[in-house]
Amino acid sequence: MNLDTKPYDTAFKDLAEQSPELLLRLVGALPPNATVTVLPREVSAPMLATDQPYEIVSPTEHFIAHLEEQTRWEADLPERVAAYQAALWAKYRLPLRSYVLLLTARGLSAEAVTSCVIEAEGLALHSRFTLVKVWELSAAQALALNNEDLLPFVTLMAGGEAELEQAARALGQVADDLRKRQLALHFVVVGGLRYDKDYLYDLIGRLTMIPIHAYRESSVYQFILDEGRTTGQRELLTDMLQRMAQRRFPDFMLGAEVERVHDLKALEDLCLDIDALPDEAALRAQLQALVVNGKQHEPA
């Protein structure tokens with residue numbers, strides 16, 4: 001699926017980039033003594049971006065592990081995976097192993113298939129993938145890995161209130177305050193696929209030192225948590241920044257500079273850090289710094 005269409009995809013992207021070995025081990029894609037290289041999500045077909053490919057090299061194997069994250073089963077998923085596989089093979093010319101991380105059982109039936117054959121004149125493509133059902137993974141085993149990046153997804157794993165509270169307490173132990181707030185947002189966004197969001201807000205407020213109540217009352221966070229939204233990530237973050245900025249600085253209006261910020265992760269960080277800025281001028285300076293930094297990383 002396109003990674004920029006749903007808010008909980010940001011949590012998956014965060015996990016995929018921060019802890020690739022952990023994620024690959026979780027889905028059974030990492031052989032012993034392997035090295036992992038995070039590859040660009042974009043592949044050669046126009047407007048086609050995978051959720052996350054990795055290059056895997058071990059003493060006996062060399063292949064591409066391709067991961068797709070889905071909140072629910074969709075009938076066209078096998079064909080979409082096949083399209084990603086074809087593009088990845090064309091780019092890297094390596095064996096492919098695809099894994100679909102399914103967050104919920106919604107839409108899944110006994111007739112769901114994990115392979116397909118695409119035949120066209122002069123082309124035959126046989127595609128298959130491994131389906132990883134997150135709700136069947138052990139929350140206790142995931143918590144035992146002691147990795148903060150995995151905490152938002154523990155909410156969907158097999159377990160109960162005890163494991164959920166343990167994950168929330170672990171969230172409160174994250175040392176970096178900005179990272180803690182990011183993970184808290186992911187915890188509620190992802191966990192909202194299974195639990196009532198008000199319950200998750202109360203849980204975080206009761207068991208951690210995170211002032212999550214401030215976000216709970218913010219209309220922009222309700223906007224992000226709306227599961228049905230299909231707005232692109234840039235538009236979502238721009239809207240988020242405008243609303244949070246006006247909460248601090250009522251006369252603030254975003255200018256065209258936000259369109260020149262290419263690092264969406266940095267834009268998300270700025271949204272979460274607005275309360276620490278002393279005035280509107282400091283916010284403008286931060287935005288300009290993101291624009292300048294983006295220009296420095298543009299290809300010559």
Side-chain angles (χ1 to χ4, degrees), residues 1-6 9-71 73-103 112-134 137 149-150 153 232-234 262-265 294 296-300:
M1 70 185 296
N2 186 334
L3 193 61
D4 295 339
T5 60
K6 294 290 183 71
D9 294 337
T10 304
F12 172 79
K13 181 174 181 290
D14 190 71
L15 172 62
E17 292 181 348
Q18 295 289 336
S19 298
E21 290 87 356
L22 174 70
L23 179 57
L24 289 163
R25 188 175 295 113
L26 186 71
V27 302
L30 193 66
N33 303 315
T35 60
V36 177
T37 303
V38 179
L39 300 173
R41 294 187 297 121
E42 294 76 15
V43 290
S44 55
M47 302 302 291
L48 184 63
T50 65
D51 276 0
Q52 189 60 64
Y54 301 93
E55 182 179 3
I56 309 295
V57 180
S58 76
T60 59
E61 299 176 278
H62 187 193
F63 63 95
I64 299 296
H66 157 227
L67 272 70
E68 290 295 318
E69 170 258 354
Q70 285 280 135
T71 58
W73 179 267
E74 296 173 350
D76 68 341
L77 181 60
E79 289 190 2
R80 285 193 283 119
V81 171
Y84 293 138
Q85 289 177 326
L88 286 166
W89 184 86
K91 182 173 184 177
Y92 297 108
R93 301 300 176 99
L94 288 171
L96 280 162
R97 299 178 189 175
S98 291
Y99 302 82
V100 171
L101 202 67
L102 194 60
L103 302 187
V113 296
T114 58
S115 65
C116 72
V117 177
I118 298 175
E119 293 185 354
E121 187 174 347
L123 171 69
L125 177 62
H126 183 196
S127 166
R128 63 180 180 273
F129 60 88
T130 298
L131 184 63
V132 180
K133 302 172 183 177
V134 172
L137 301 177
D149 301 319
L150 195 56
F153 293 89
Q233 189 180 21
R234 172 175 289 282
H262 302 300
D263 187 345
L264 298 187
K265 179 66 165 57
Q296 291 175 346
H297 290 85
E298 289 179 354

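With hydrogens and angles ignored, the 3.5 Å screen pairs a side-chain donor or acceptor of Gln85 with a backbone N or O of Arg128. No donor-acceptor distance shorter than 3.5 angstrom exists from the side chain of Asn33 to the backbone of Ser58, with no hydrogens or angles considered.
Scanning both residues, His62 and Pro95, for their nearest heavy atoms gives O-CD, 3.5 Å. Smallest separation of non-hydrogen atoms from Pro78 and Cys116: O-SG, 3.6 Å. When all heavy atoms are compared, the tightest approach of Ala16 to Tyr54 is O-OH, 2.8 Å.
With a 4.5 Å cut-off on side-chain heavy atoms, Phe63 and Leu94 do not count as touching. Contact check for Tyr84 versus Pro53: no side-chain heavy atoms found under the 4.5 Å cut-off. Residues Ile56 and Leu30 have side chains in contact (heavy-atom distance under 4.5 Å, counting atoms from C-beta outward). Taking the side chain as every heavy atom from C-beta outward, Glu55 and Ile64 approach each other to under 4.5 Å.
For the pairing with Leu67, the side chain to side chain contact (heavy atoms under 4.5 Å, CB included) check across Leu23, Asp51, Leu101 returns one residue only, Leu23. Of the residues listed (Leu15, Leu24, Val38), the one engaging Gln52 in a side chain to side chain contact (heavy atoms under 4.5 Å, CB included) is Val38, and it is the only one.
Ion pairing between a basic and an acidic side chain is recognised when a charged N comes within 4.0 Å of a carboxylate O; Lys13 and Glu69 show no such pairing.
In this structure, CG in Leu123 is found 8.0 Å from CD1 in Ile118, a value given to the nearest 0.5 Å.
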Between Glu17 and Arg41, does the salt bridge (Lys or Arg N to Asp or Glu O under 4.0 Å) criterion hold? Intermediate values first, please. CA-CA 11 Å; Glu17 292 181 348; Arg41 294 187 297 121; 5.0 Å; no
Could you walk me through whether Leu137 and Leu26 satisfy the side-chain contact (heavy atoms from CB on, under 4.5 Å) test, starting with their C-alpha distance in whole Å, then the side-chain angles of each, then the deciding distance to 0.1 Å, before giving a yes or no? CA-CA 9 Å; Leu137 301 177; Leu26 186 71; 3.9 Å; yes
Go through it in stages, so that I can follow the logic: the residues are Leu150 and Leu22, the test is side-chain contact (heavy atoms from CB on, under 4.5 Å), and I'd like the CA-CA distance, side-chain angles, deciding distance and then a yes or no. CA-CA 8 Å; Leu150 195 56; Leu22 174 70; 3.8 Å; yes
The test is salt bridge (Lys or Arg N to Asp or Glu O under 4.0 Å); show your working for Arg80 and Glu74 and say whether it passes. CA-CA 10 Å; Arg80 285 193 283 119; Glu74 296 173 350; 2.7 Å; yes
Kindly indicate, with the supporting measurements, whether the criterion side-chain contact (heavy atoms from CB on, under 4.5 Å) is fulfilled by Val100 and Leu77. CA-CA 9 Å; Val100 171; Leu77 181 60; 3.8 Å; yes
Go through it in stages, so that I can follow the logic: the residues are Phe153 and Leu103, the test is side-chain contact (heavy atoms from CB on, under 4.5 Å), and I'd like the CA-CA distance, side-chain angles, deciding distance and then a yes or no. CA-CA 8 Å; Phe153 293 89; Leu103 302 187; 4.1 Å; yes
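Residues satisfying the salt bridge (charged side-chain N to carboxylate O under 4.0 Å, His left out) criterion with Glu21, sequence neighbours excluded, are absent altogether. Taking the salt bridge (charged side-chain N to carboxylate O under 4.0 Å, His left out) definition, one finds that Glu79 meets it with nothing, sequence neighbours left out.
Between Tyr99 and His66, the ring center distance fails the sub-6.0 Å criterion.
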